[in-house]
Amino acid sequence: MSAQPDPAPLLIACALGIEHLALRAGDRSGAGGPVTVVRTGMGPKAADRSVTRVLADPHLADAAVLATGFCAGLAPGMHPGDLVVAEETRDPRGTVPCVGTELLVKELARTLPGRTVHTGPLTGSDHVVRGPERSDLLATGAIAVDMESAATLLSAVRTGPRPVAAVRVVVDAPEHELVRIGTVRGGISAFRVLRSVLPAFFEWHRSLLLPRR
């Protein structure tokens with residue numbers, strides 16, 4: 001009887017120290033294969049450099065990549081702690097379709113009952129979005145914005161074919177705007193949600209059934 005191939009690894013990318021802390025505090029017991037959590041640093045250029053470098057490791061050559069962390073909601077009625085599952089990520093360099101969106105929505109709803117999960121395009125920015133700029137981005141069809149997801153996924157697929165996804169937690173929204181991105185008071189619920197999402201990520205990864213090449 002032949003040995004089963006090792007499962008493909010999972011790379012989870014976030015930007016900020018507080019996001020990394022939340023993910024490190026999460027339950028990793030349900031992982032279906034090797035999991036690497038990388039802190040890329042803030043902004044699309046940092047995300048691009050970091051993800052490209054990490055995926056150059058032969059052990060991560062066929063890794064599935066999931067971008068996560070906090071985001072700004074664009075639509076009225078969104079609240080801190082809501083979840084955003086991207087159907088695609090966008091930035092001026094291109095659009096990347098996400099894989100397994102429906103499964104992620106299902107697993108997040110099961111893992112975090114009562115939390116609102118939004119789906120739609122997630123757009124990238126090279127700066128923190130404020131005030132009227134939200135309306136401009138919402139008019140493009142995007143439901144949320146962050147600075148790293150689009151760059152992370154674009155870098156991931158450029159290094160080779162792989163499943164990618166992006167799940168973000170709303171930390172501020174039109175009616176709940178933070179004074180600055182480092183403000184934790186308005187993001188306490190977002191931190192707690194991010195700390196709890198790993199089981200859904202692992203189920204998404206497990207469903208991909210990607211044997212190592």
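This one's a predicted model, so the numbers in the text were calculated from it and none came from an experiment.
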- line: Taken to the nearest 0.5 Å, the spacing of F70 CZ from D146 CG works out to 12.0 Å
- prompt: Is a donor on one side and an acceptor on the other found under 3.5 Å between the side chain of E19 and the backbone of C14?
  reply: no
field: Option passing side-chain contact (heavy atoms from CB on, under 4.5 Å) with L83 (candidates T119, T111, V117)
entry: V117
- prompt: Any side-chain heavy atom of P80 within less than 4.5 Å of one from V193?
  reply: no
- prompt: Do V169 and L122 share a hydrophobic cluster, counting only Ile, Leu, Val, Met, Phe, Trp and Tyr and linking them when any side-chain heavy atoms are less than 4.5 Å apart?
  reply: no
- request: Under the side chain to side chain contact (heavy atoms under 4.5 Å, CB included) rule, what do L23 and L194 come out as? Steps first, then yes or no, please.
  value: CA-CA 7 Å; L23 293 165; L194 187 59; 4.1 Å; yes
Separation of L60 CG from R162 CZ (nearest 0.5 Å): 8.5 Å
message: Between S149 and R168, is there a side-chain donor-acceptor contact under 3.5 Å, judged purely by atom types and distance?
response: yes
Side-chain donor-acceptor contact under 3.5 Å, D48 with T52: yes
message: Test your reading of the model: is there a side-chain donor-acceptor pair from H118 to the backbone of T116, 3.5 Å cut-off?
response: no
message: Under the rule for side-chain contact (heavy atoms from CB on, under 4.5 Å), what residues qualify as partners of V99, not counting sequence neighbours?
response: P163, L208
message: So, taking the atom named CD1 in I12 and the one named NE2 in H205, what distance separates them when rounded to the nearest 0.5 Å?
response: 9.0 Å
- prompt: Please walk me through it: do F201 and L104 pass side chain to side chain contact (heavy atoms under 4.5 Å, CB included)?
  reply: CA-CA 7 Å; F201 293 177; L104 277 167; 4.3 Å; yes
query: Counting distance only, does the side-chain N/O of S196 pair as donor-acceptor with the main-chain N or O of R192 below 3.5 Å?
result: yes
query: Quick one: does R134's side chain have a donor or acceptor within less than 3.5 Å of a partner on V145's backbone?
result: no
query: Under the 3.5 angstrom rule, does the side chain of E133 hit a backbone N or O of V129 as a donor-acceptor pair?
result: no
Side-chain donor/acceptor of D136 to backbone N/O of A139, under 3.5 Å: no
task: Identify, with sequence neighbours excluded, every residue that meets side-chain contact (heavy atoms from CB on, under 4.5 Å) alongside S50.
output: V38, T40, R53, V54
